[in-house]
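Okay, handing you the structure first.
Everything quoted here is computed from the prediction, not taken from an experiment.
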Amino acid sequence: MNIHAIRAIYLFEMARTKRTLLQSIVSPVISTSLYFVVFGAAIGSRIPQIDGIGYGSFIVPGLVMLSLLTQSLSNASFGIYFPKFTGTIYELLSAPVSYVEIILSYVGAAATKSILLGAIILATAGLFVPLHIEHPFWMILFLLLTAVTFSLLGFIIGIWADNFEKLQLVPLLIITPLTFLGGSFYSLDMLPPFWQQVSLFNPVVYLISGFRWSFYGIADVAVGVSLGMTMLFLAVCVAVVAWIFKTGYRLKA
Amino acid sequence: MSVIINVANLSKTYASGFRALRAVNLEIRQGEIFALLGPNGAGKTTLISIICGIVRPSEGKVTVAGHDIIRDYRAARSLIGLVPQELTTDAFESVWTTVSLSRGLFGKAPNPAHLEKVLRELSLWDKKNNRIITLSGGMKRRLLIAKALSHEPQILFLDEPTAGVDVELRREMWALVRRLRSSGVTIILTTHYIEEAEEMADRVGVINNGEIIVVEDKAELMRKLGRKQLTLQLRQPLGEIPPALQRHRLELANDGSELIYTYDSRAAHGEHDGIVALLDDLTAAGIGFKDLHTTQSSLEDIFVGLLRSGR
Ligand SMILES: Nc1ncnc2c1ncn2[C@@H]1O[C@H](COP(=O)(O)OP(=O)(O)OP(=O)(O)O)[C@@H](O)[C@H]1O
Ligand SMILES: [Mg+2]
């Protein structure tokens, strides 16, 4: 294991994070606050409790997930796309580092940043609504798994993208709708039966449901199923990354 | 001398179907300075990129210090430092951050003292906290060298290191390369400046259209393929070459006031029809001369000649 390389890449990426920390924190904190003002206070006060939980509290896990997903994706995709774009990736490709080491360091750095942001958003939410975490261990597990999985997905997008438009495309076109339709703002049983069935094809549903269960003990799908689906999604991403490195796809001519 | 890099039967066909390398065989010896010459698009960067692991070979095998570059990539790559042709840098990072990254990437423990030495050697020490975007082109080139040297490589590839570098800096780089060589580093450089190869290299390889045309000791190459010219300044101009001198390959120049004799360097050591015979014939014909000088073709002439002969 080239520990020095993992450490060097991780520190380099975290230095980049530090440089842009303020802007990375400010925008999610502001948008989360806006959600609470709009949904929590203005609209939420007219929405009855869901499963005995106030609407403002109900949406917290979904909001944290929303930021976690988008942050993981954009950090990881940018982290690997940028050296490809500038050409500095030559050094990574010529270095005695294995694929596992590259992924550990890049995905590790991206996940670290998004978890940090998730924690900040959770703290922000705590300012607006009462928070209650019933299963802290599971909460952290879901947080970690989701950050890692979506950082891996971001890494894949960063390698696949060959221009900045494509880099924005997947988060915008796929992830944001999936998250909004994934039960961030409602419980699945509020939907007509047909759409409930459709929702089960949305992987984000499982993440949010499991995450919410760790807070309030209520879930749309069984927590075991949530965990299984998250792991499955993680495994798919790992497999795709392994294939990319094995074939040199879009990395080596 | 032992061989440190062995390239055997290496071919590269890019995804576009373009064949950039055709069955290249090449041995680089430990501790030498090897100059790879070739026109634009000859395949120099492709060859270097394959050895360094940036481009995948289509066929053939490369070993570095006995380590296969694919099976044993860790051992092979940790010996190599690469200075790429393009000025690619992390614009927003500082000089110090990037050289630290380079050292770590190649599996070396942090060593600020070594990094300081390298940066001082390349006159970048006072820029260590500057963002790279604020450096000049020549400074960026030096930074790329510093990155490659940050992890103490045994083998250094310099892909056109002096492109866009002013004369003084070029001399400094040459001096640095010589110092590295004397500390035991093997250096492979590509260049468009033939004077650079002439000045620096122990051996020269010429590549064209993805094929190695010749690999030779520099002095040997110049001796074998170099040509010499003897110019005689005559006392009396000649209208034409006298019949008695027809058997020598002679030309008249400067309105008949100069006689030029062209010969292979190899023939310089007195064959019967060489210089001695010519001078004898001149005396016999009663042609006197005031002065004479000889010129030798440069590596550049040889290079151009090789490419033109289309071998
Ligand atoms: N990724 C690629 N895909 C397709 N063709 C390529 C690729 N990279 C290089 N080539 C082609 O391969 C040939 C050799 O390129 P290479 O960069 O090795 O030349 P070079 O000898 O380094 O030239 P120069 O002196 O201009 O740097 C060129 O014709 C080039 O167009
Ligand atoms: Mg080149």
Hey, which of A:Ile89, A:Thr247, A:Leu251, A:Leu11 has the most heavy atom pairs under 4.5 Å with chain B?
A:Thr247
For the residue pair A:Glu91 / B:Ser102, report whether a side-chain donor-acceptor contact shorter than 3.5 Å exists.
yes
Per-residue contact mode, B:Lys12 against chain A (heavy atom under 4.5 angstrom):
side chain
Name the region of B:Leu144, side chain, backbone, both or neither, that has any atom closer than 4.5 Å to a heavy atom of chain A.
side chain
I'd like to verify something: which residue of A:Ala15, A:Ser105, A:Ala5, A:Ala253 has the highest number of heavy-atom pairs under 4.5 Å with chain B?
A:Ala253
At a heavy-atom separation under 4.5 Å, does A:Phe12 approach chain B through its side chain, its backbone, both, or neither?
side chain
When heavy-atom pairs shorter than 4.5 Å are enumerated against chain A, which of B:Ala91, B:Pro84, B:Ser78 gives the highest number?
B:Pro84
Please find the pair of heavy atoms, one from B:Glu116 and one from B:Trp96, that lie closest to each other, and give the distance.
N-CZ3, 4.3 Å
Near-ring test B:Tyr14/B:Phe18, centroid separation under 6.0 angstrom
no
Begin with the C-alpha distance, continue with both residues' side-chain angles, and end with the deciding distance and a verdict on side chain to side chain contact (heavy atoms under 4.5 Å, CB included) for B:Arg141 and B:Leu87.
CA-CA 6 Å; B:Arg141 178 74 62 191; B:Leu87 285 176; 3.9 Å; yes
If you define the side chain from C-beta out and look only at heavy atoms, does anything of A:Ser94 sit under 4.5 Å from B:Phe157?
no
Mind ranking B:Leu82, B:Val55, B:Leu101 by heavy-atom pairs under 4.5 Å with chain A and telling me who comes out on top?
B:Leu101
Quick one: which of B:His151, B:Glu86, B:Lys147 has the most heavy-atom pairs under 4.5 Å with chain A, could you say?
B:Lys147
With distance as the sole test, does A:Asn163 use its side chain to make a donor-acceptor pair with the main-chain N or O of A:Glu165 at under 3.5 Å?
yes
For the interface with chain A, which of B:Pro110, B:Ala148, B:Ala75, B:Ser100 has the highest count of heavy-atom pairs at distances below 4.5 Å?
B:Pro110
Is B:Ala109 in contact with chain A via its backbone, its side chain, both, or neither, using a 4.5 Å heavy-atom distance?
both
For B:Ile207, which of B:Leu21, B:Leu26, B:Leu37 qualifies under side-chain contact (heavy atoms from CB on, under 4.5 Å)?
B:Leu21
